[in-house]
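Comments concern the structure below.
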Number of protein chains: 2
Amino acid sequence: MVTKALELVEAEGPDALTMRRLAAELDVTTTTIYWHVGSRDELITEIIRQQSEQLAARPIKGTTPRQRIMAAATHIWESAVEHRAITSLAHQSGASSLLQHPLEVALAAELEAAGLTGPAAALAQRSILATITGFLVLALRDEASIREDSRSTTLWASTEADLDRSTIDALAAPHDLPKLFEVTLQAVVDSQL
Amino acid sequence: MVTKALELVEAEGPDALTMRRLAAELDVTTTTIYWHVGSRDELITEIIRQQSEQLAARPIKGTTPRQRIMAAATHIWESAVEHRAITSLAHQSGASSLLQHPLEVALAAELEAAGLTGPAAALAQRSILATITGFLVLALRDEASIREDSRSTTLWASTEADLDRSTIDALAAPHDLPKLFEVTLQAVVDSQL
DNA sequence: TCTCGTTCTGTAACAGTGTGCAAGTAACAC
DNA sequence: GTGTTACTTGCACACTGTTACAGAACGAGA
């Protein structure tokens, strides 16, 4: 049942997960779902818990601590993008911590391996995670569902600010998010080592 | 009318903005609202446009480019936190770019003043904005509305990972977000100068 | 004055959402 | 047989965004 719900979300996005829709998919009534899971919130928590377990930390490559920290952080980013629907769902429900926690543990371990413990490790961890979160928001944002005149590129294209032409053009152009992610993350990581 | 809607959102949060609620507040019928603004999406766009204008860039303090860039970036963060309800609304509707754009222009201007133009300026701009976004998500997250067992601190408190006790304790403790924001942002900014 | 078109508002409904309640069925224990 | 428990169903409530339709008000032209 939570498995079916997970499939539904992965296949058709977070908004497809309605109680009636899931019930139909399972050929039961909504009440049956409620008997089993309690509420929509608890269903979502269960989905995320299940997905979280499946998110067993892949082995981290790299020799230097710096490389390994980057790899652990990139893992979090990549698996979130890979399962974007679940990630969005978790974000909407405020359960992203729950989803990412196993991967966060792996990151913390690499930070310790780099010599950071206690408050210093926590600082680095949170700094890195906040950065990842920022890029996730950008990556998971569905550009297609955003009104054309609210898009960043459109806004810059029609901006008449007192800026260099080349700057405006560059801001109006699409950007290479993974590259941007790597550069920024590297800066954050290096500042903590 | 969009003014009233803006008040409603600021006072009671994004979820309070329903068509019927707004209609009642204005002592009219929902149909009237629809006639004037078209749809809920367009209403929200209007609200954000209005708020965006009011977000006229405050003067930026600081003498060195580094200081002024930090100030411009902190402005974006602070005004978003200050009007958290509108910010959440914009985020939900994918219109955050629209809301922040005037402040982004100010940031871009400071980057140019620091000698960055074209693609280099765009790179720095986006790197900084992504970082701000990440911290905004954390700042606007309503901890009270999150199930206790999904909270990050709770998760770390009950973690049995192979980590130093002091590290786990530090991760389970609450954190000073503004301080964390400053440290991280500084690292990102410095990496681009 | 009468009519026509435009602008605005209200009534009532549609389709969809999460959720709660009373009743029912089937299996198992005594 | 009689319970008791696990599970299911049907139906309703309160809420959401949205819209088809019926008017009211009002100024322009005949």
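Quick note on labels: first sequence line is chain A, next is B, and so on, each numbered from 1.
- With rounding to whole Å, B/Trp35 atom CH2 is found 6 Å from C/dC8 atom C1'.
- For DNA chain D, none of the residues of residues 44-51 of chain A falls under the heavy-atom distance limit of 4.0 Å.
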Side chains of residues 70-80 of chain A: which donor-acceptor pairs under 3.5 Å do they make with residues two or more places apart or in other chains?
{"residue": "A/Thr74", "atom": "OG1", "partner": "A/Met70", "partner atom": "O", "Å": "2.6"}
{"residue": "A/Ser79", "atom": "OG", "partner": "A/His75", "partner atom": "O", "Å": "3.1"}
{"residue": "A/Ser79", "atom": "OG", "partner": "A/Ile76", "partner atom": "O", "Å": "3.4"}

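- Within the 4.5 Å cutoff, the side chain of B/Leu111 has no heavy atoms near those of the B/Gln192 side chain.
- Among B/Lys61, B/Arg66, B/Arg68, the single residue meeting the salt bridge (charged side-chain N to carboxylate O under 4.0 Å, His left out) criterion with B/Glu110 is B/Arg68.
- Remark: B/His36 is in phosphate contact with C/dT9, judged by side-chain N or O atoms under 4.0 Å from OP1 or OP2.
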Practice prompt. Could you go through the side chain to side chain donor-acceptor pair (under 3.5 Å) check for A/Ser152 and B/Ser97 one step at a time?
Written response: CA-CA 6 Å; A/Ser152 182; B/Ser97 306; 4.6 Å; no
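- Under the 3.5 Å distance criterion, with hydrogens and angles disregarded, a donor-acceptor pair is assigned to the side chains of A/Asp164 and A/Ser166.
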Can I get a per-line list of side-chain donor-acceptor pairs under 3.5 Å for residues 100-107 of chain A, giving both atom names and the distance, sequence neighbours left out?
{"residue": "A/His101", "atom": "NE2", "partner": "B/Thr159", "partner atom": "OG1", "Å": "3.1"}

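- By the salt bridge (charged side-chain N to carboxylate O under 4.0 Å, His left out) test, A/Glu46 is found to be paired with A/Arg49, residues two or more places apart in sequence or in another chain being considered.
- Checked against side-chain contact (heavy atoms from CB on, under 4.5 Å), A/Leu138 has the following partners two or more places apart in sequence or in another chain: A/Arg141, A/Leu177, B/Ala130.
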Reading nucleotides 13-23 of chain C from 5' to 3' and marking B where a protein heavy atom lies under 4.0 Å of the base, S where only the sugar-phosphate is that close, and - otherwise, the string is B---BBBBB--
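- Regarding B/Leu43, its CG atom lies at a distance of 14 Å from the C1' atom of D/dT18, rounded to whole Å.
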